[in-house]
Amino acid sequence: MTSQPNVVVLDHGSGNVRSAVRAIERAGAHVELTSDPDVVAEADGLVVPGVGAFAAVMRQLREVGGPRMIERRLAGGRPVLGICVGMQVMFAAGKEHGEHASGLDQWPGTVDRLAAPIVPHMGWSPVRAPEGSTLFDGLEDERFYFVHSYAVQEDPTSDFESGSPLERPLVTWAEHGTPFVAAVENGALSATQFHPEKSGEAGIQLLRNWLSTLR
């Protein structure tokens with residue numbers, strides 16, 4: 001019997017992450033909620049959650065040394081999964097409530113208010129996954145649960161540098177008033193704007209798909 005992968009959910013004080021821990025456990029992993037850098041470095045996978053404002057989540061990450069932990073894992077090809085604002089901070093910058101904040105700059109793009117008549121975007125929406133997606137394997141016709149007012153609405157691959165140590169991103173799209181980035185898969189780094197842990201069986205299967213990539 002194959003042993004369970006060890007996954008760390010990064011504990012940086014961002015809201016209630018217990019539902020994410022339970023969902024990842026249900027998907028088949030042993031999960032620890034911690035910001036201990038040694039435990040983060042040794043884990044098979046790291047999940048970076050985030051709720052609230054972009055700048056606030058960046059401050060929380062910096063307070064626990066999150067940016068360095070994430071960078072070290074990605075430099076070693078060690079899988080990381082960002083969820084909701086945990087995905088948004090992987091981009092270059094965020095503009096929210098009049099505050100412009102720098103992100104982790106793993107991907108080009110700015111997180112900005114959705115160009116939609118009604119925000120937040122809250123509820124179940126379909127997504128358009130690209131050919132070759134691992135996260136959405138077998139989930140092409142499923143809907144996922146979103147709660148957000150901000151997103152990346154430009155194509156992060158449009159000016160992606162060919163010399164980057166990461167592979168060219170696979171981008172999944174959804175729509176609320178305008179198309180926006182719903183997920184990105186990029187070598188060791190993956191992320192979703194929606195909440196897999198709130199997306200029923202489809203979300204659990206997506207987490208299983210991610211766990212299948214862990215060494």
Exercise. Any chance you could measure Lys95, atom NZ, to Thr110, atom OG1, to the nearest 0.5 Å?
Key: 6.0 Å
Quiz item: Do the non-hydrogen side-chain atoms of Leu10 and Val47 ever get within less than 4.5 Å of each other?
Solution: no
Quiz item: Are side-chain heavy atoms of Glu96 and Ser149 found at a separation under 4.5 Å?
Solution: no
Quiz item: Looking at Val89 and Phe54, what are the two nearest heavy atoms and their distance?
Solution: CA-CE1, 3.7 Å
Quiz item: Are the side chain of Gln193 and the backbone of Ala151 linked by a donor-acceptor contact shorter than 3.5 Å?
Solution: no
Quiz item: Is Phe136 close to Asn209 at the side-chain level, that is, under 4.5 Å between some pair of heavy atoms?
Solution: no
Self-check item: Verdict with reasoning, His148 to Phe146, per ring-ring contact (aromatic ring centres under 6.0 Å, His included)
Solution: CA-CA 6 Å; His148 64 120; Phe146 292 84; 5.6 Å; yes
Exercise. Please check if Leu214 and Leu33 belong to a single hydrophobic cluster, counting links between Ile, Leu, Val, Met, Phe, Trp and Tyr side chain heavy atoms closer than 4.5 Å.
Key: yes
Quiz item: To the nearest 0.5 Å, how far apart are CD in Glu201 and CD in Gln205?
Solution: 8.5 Å
Quiz item: Shortest non-hydrogen contact from Leu170 to Gly132?
Solution: CD1-O, 3.7 Å
Quiz item: Okay, side chain of Ser199, backbone of His195: is any donor-acceptor separation there less than 3.5 Å?
Solution: yes
Self-check item: Approximate separation, where rounding is to 0.5 Å, of Leu74 CG and Met69 CE
Solution: 13.0 Å
Quiz item: Counting only N and O atoms by type, is there a donor-acceptor contact under 3.5 Å from the side chain of Glu185 to the main-chain atoms of Ala191?
Solution: no
Quiz item: Counting distance only, does the side-chain N/O of Gln106 pair as donor-acceptor with the main-chain N or O of Phe91 below 3.5 Å?
Solution: no
Self-check item: Glu42, CD: over 12 other non-hydrogen atoms inside 6.0 angstrom
Solution: no
Self-check item: Heavy-atom neighbours of Arg18 CZ exceed 12 at 6.0 Å
Solution: no
Self-check item: Donor-acceptor contact present, side-chain Arg143 to main-chain Ala202, <3.5 Å
Solution: no
Quiz item: Which heavy-atom pair separates Val7 from Ala29 by the least distance, and what is that distance?
Solution: CG2-CB, 3.8 Å
Practice problem: Show your working on side chain to side chain contact (heavy atoms under 4.5 Å, CB included) between Ser125 and His176 and close with a plain yes or no. | Solution: CA-CA 9 Å; Ser125 293; His176 182 71; over 6 Å; no
Self-check item: Residue pair Val48 / Leu61, side-chain heavy-atom distance below 4.5 Å
Solution: yes
Exercise. May I ask you to say whether Glu99 pairs ionically with Arg59, meaning some side-chain N is under 4.0 Å from a carboxylate O?
Key: yes
Quiz item: Got Pro120 and Tyr150 here, is their nearest side-chain heavy-atom distance under 4.5 Å?
Solution: no
Practice problem: Any chance you could measure Leu114, atom CG, to Thr178, atom OG1, to the nearest 0.5 Å? | Solution: 8.0 Å
Quiz prompt | His30, NE2: over 12 other non-hydrogen atoms inside 6.0 angstrom | solution = no
Quiz item: Which atom names give the shortest non-hydrogen contact between Ala43 and Arg73, and what distance separates them?
Solution: O-NH1, 2.9 Å
Quiz item: Is a side-chain donor or acceptor of Asp44 paired with a backbone partner of Asn6 at a separation under 3.5 angstrom?
Solution: yes
Self-check item: Derivation and outcome, side chain to side chain contact (heavy atoms under 4.5 Å, CB included), residues Gln4 and Glu25
Solution: CA-CA 9 Å; Gln4 291 180 308; Glu25 287 174 341; over 6 Å; no
Quiz item: Judged by modelled atom types alone, do Thr157 and Asp155 share a side-chain donor-acceptor pair under 3.5 Å?
Solution: yes
Quiz item: Same hydrophobic cluster for Val39 and Leu46, using side-chain heavy-atom links shorter than 4.5 Å among ILVMFWY?
Solution: yes
Practice problem: State, with a plain yes or no, whether a side-chain heavy atom of Glu63 is found less than 4.5 Å away from one of His12. | Solution: no
Self-check item: Common cluster, Phe194/Val119, ILVMFWY with side-chain heavy-atom separation under 4.5 Å
Solution: yes
Quiz item: Can you get from Val184 to Trp173 by hopping between Ile, Leu, Val, Met, Phe, Trp and Tyr side chains that sit under 4.5 Å apart?
Solution: yes
Practice problem: Look at the side chain of Gln153 and the backbone N and O of Arg113, then say whether any donor-acceptor pair between them is shorter than 3.5 Å. | Solution: yes
Quiz item: Taking C-beta and beyond as the side chain, do Val9 and Ile24 meet within less than 4.5 Å on heavy atoms?
Solution: yes
Quiz item: Should Leu81 and Leu207 be marked as a side chain to side chain contact (heavy atoms under 4.5 Å, CB included) after you check the CA-CA gap, both sets of side-chain angles, and the distance that decides it?
Solution: CA-CA 10 Å; Leu81 174 67; Leu207 291 171; 3.9 Å; yes
Quiz item: Shortest non-hydrogen contact from Val40 to Thr34?
Solution: CG2-O, 4.4 Å
Self-check item: Shortest non-hydrogen separation from Val64 to Asp11 and the atoms involved
Solution: CG1-O, 4.0 Å
Quiz item: Any side-chain heavy atom of Pro196 sitting closer than 4.5 Å to one from Ile204?
Solution: no
Practice problem: Evaluate the side chain to side chain contact (heavy atoms under 4.5 Å, CB included) criterion for residues Leu189 and Met90: first the C-alpha distance (whole Å), next the side-chain angles of each, then the deciding distance (0.1 Å), finally the verdict. | Solution: CA-CA 9 Å; Leu189 180 57; Met90 300 300 173; 4.1 Å; yes
Self-check item: Parallel, tilted or perpendicular, as decided by the 30° and 60° cut-offs, for the rings of His121 and Phe180
Solution: perpendicular
